[in-house]
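Notes follow once the structure below has been shown.
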Amino acid sequence: MRTDGYRFGAAIGLAYPQVIAAMETQLSNGPTCNNTSNGPSTISNNCSSPVESGSIEDSKTNLIVNYLPQNMTQEELKSLFGSIGEIESCKLVRDKITGQSLGYGFVNYVDPKDAEKAINTLNGLRLQTKTIKVSYARPSSASIRDANLYVSGLPKTMTQKELEQLFSQYGRIITSRILVDQVTGVSRGVGFIRFDRRVEAEEAIKGLNCQKPPGATEPITVKFANNPSQKTSQALLSQLYQSPNRRYPGPLAQQAQRFRLDNLLNMAYGVKSRFSPMAIDGVTSLAGINIPGHAGTGWCIFVYNLAPDADESILWQMFGPFGAVTNVKVIRDFNTNKCKGFGFVTMTNYDEAAVAIASLNGYRLGDRVLQVSFKTNKTHKA
DNA sequence: TAGCATT
């Protein structure tokens, strides 16, 4: 059983301020319209501000969702965002070769109001070890691809804001990040800057690579970041070429290579099987027949004493940090549409569900004390 | 010297 369950207070109380602070940092960087930095072909929407780009017609319903947990499926993504409103389309982006999630996806709503509501309620939601980011998708075009820079040799004292200030003269920054030591929290002197457009990134390389930032003693290195999916594909190909039965494998060799491929995927992505046998209180169980709470596709949790105005998003916020949540449901009165005081949450893994129950049972939500347990087979009469 | 932002 995992022992690193998240504190509930961190899940709801702190997630939003953190994300809001991060967004304020991003939005504080207005675009610098550096006309001289562009090549012969310029793009008409070149100097739009963040506010203007958010009002482009086709971006009012289409959202991009970043920092999704690695094992989250498209169906779970749809379930989460479908709790806000009707979805026109939903796509989790996967590596074309390995099929692994790239950690982001798109959700297109029918109603722009639902898209806005999704940003307001789901941006900053903690799911497992991730804090998801929900924002309007920019209109897709070749010019915004491959605009991510990898920066190394940064002064250890440089903050994210200072990094952005350094790079913002070359264009609109979409995201920035300084990597830190997981234990000490001290900067590792490397980071990423994602520009709105590739031409801006190119100019930043020209202007800042091998240059010393203000006050620094050593020059920094600025180059295009590796594409994470490319890196994995290269690693896979490299491993396959090194295998004894390389190049033209027959059926037997293919099976062995498939085995190596699976292991490589596990190493590259840290994938743990969703279908491996689970140890439950010392007893190994596969199917979970007659085990309370197990519904075939996951572990169903009963949440009692919810307020009449409770909605699905509060269940996502409460349970998401503890692990993979596949579905949430608030039971409502048919006539009033108000919550009848209880709801259900389905989680994939037993250990994560158990930690969630142990942590959330007895939790005070508003003026109510929640009762949280595995769902029993009691029938609820209408 | 590496995290997953354009389907």
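First the proteins, then the strands, lettered A, B, ... as listed; each starts at 1.
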So, does A:R145 get its side chain near the phosphate of B:dT7, meaning an N or O under 4.0 Å from OP1 or OP2?
yes
Quick one: A:I220 CD1 to B:dT1 C1', roughly how many Å, whole number?
14 Å
Looking at A:R198 and A:E202, is any side-chain nitrogen of the basic one under 4.0 Å from a carboxylate oxygen of the acidic one?
yes
From CD1 of A:I144 across to P of B:dT7 the rounded distance in Å is 8 Å
Rounded to the Å, how far apart are A:N148 CG and B:dG3 C1'?
8 Å
More than 12 foreign heavy atoms under 6.0 Å from OH of A:Y304: is that the case here?
no
Nearest whole angstrom, please: distance from the C1' of B:dT7 to the CD of A:E88.
13 Å
Protein-nucleotide distance (A:I193, atom CD1; B:dT1, atom P), rounded to Å:
19 Å
Going by ring pair (Phe, Tyr, Trp, His ring centres under 6.0 Å), name the residues that satisfy it together with A:F192, two or more places apart in sequence or in a different chain.
A:Y150
Quick one: label A:A147 by what it contacts on the DNA or RNA (base, sugar-phosphate, nothing), any heavy atom closer than 4.0 Å.
nothing
Return the nearest nucleotide to the side chain of A:N226; candidates are B:dT6, B:dT1, B:dG3.
B:dG3
Go through it in stages, so that I can follow the logic: the residues are A:E88 and A:N108, the test is side chain to side chain donor-acceptor pair (under 3.5 Å), and I'd like the CA-CA distance, side-chain angles, deciding distance and then a yes or no.
CA-CA 5 Å; A:E88 191 275 328; A:N108 193 19; 3.1 Å; yes
So how far is it from A:S140 OG to A:N62 CG, rounded to the nearest 0.5 Å?
9.5 Å
Mind checking the CH2-CD spacing from A:W316 to A:E76? Nearest 0.5 Å is all I need.
7.0 Å
Answer yes or no as to whether B:dG3 has its base stacked against A:F192, where stacking requires a ring-centre separation under 5.5 angstrom and planes under 30 degrees apart.
yes
Here the distance between atom P of B:dT6 and atom CD1 of A:I64, to the nearest Å, is 6 Å
No-H, no-angle donor-acceptor pair, A:N62 side chain to B:dT7 base, under 3.5 Å
yes
Here the ring-ring contact (aromatic ring centres under 6.0 Å, His included) pairs for residues 61-95 of chain A, sequence neighbours left out, are none
Mind checking if A:K96 touches a base, just sugar-phosphate, or nothing, with heavy atoms under 4.0 Å?
nothing
Ordered by number, residues from residues 178-191 of chain A within less than 4.0 Å of DNA chain B (heavy atoms) are A:L179, A:R188, A:V190
Write down the distance between CZ (A:F224) and C1' (B:dA2), rounded to a whole number of angstrom.
16 Å
If you find the nucleotide of DNA chain B closest to A:V107 and the one closest to A:S152, which residue's nucleotide is nearer the 5' end?
A:S152
5' precedence on DNA chain B between A:G103 and A:F106 (nearest-nucleotide basis)
A:G103
Counting only side-chain N and O atoms of A:R94, is one of them less than 4.0 Å from OP1 or OP2 of B:dT7?
no
Length of the CG-P vector between A:D95 and B:dT6, whole Å:
13 Å
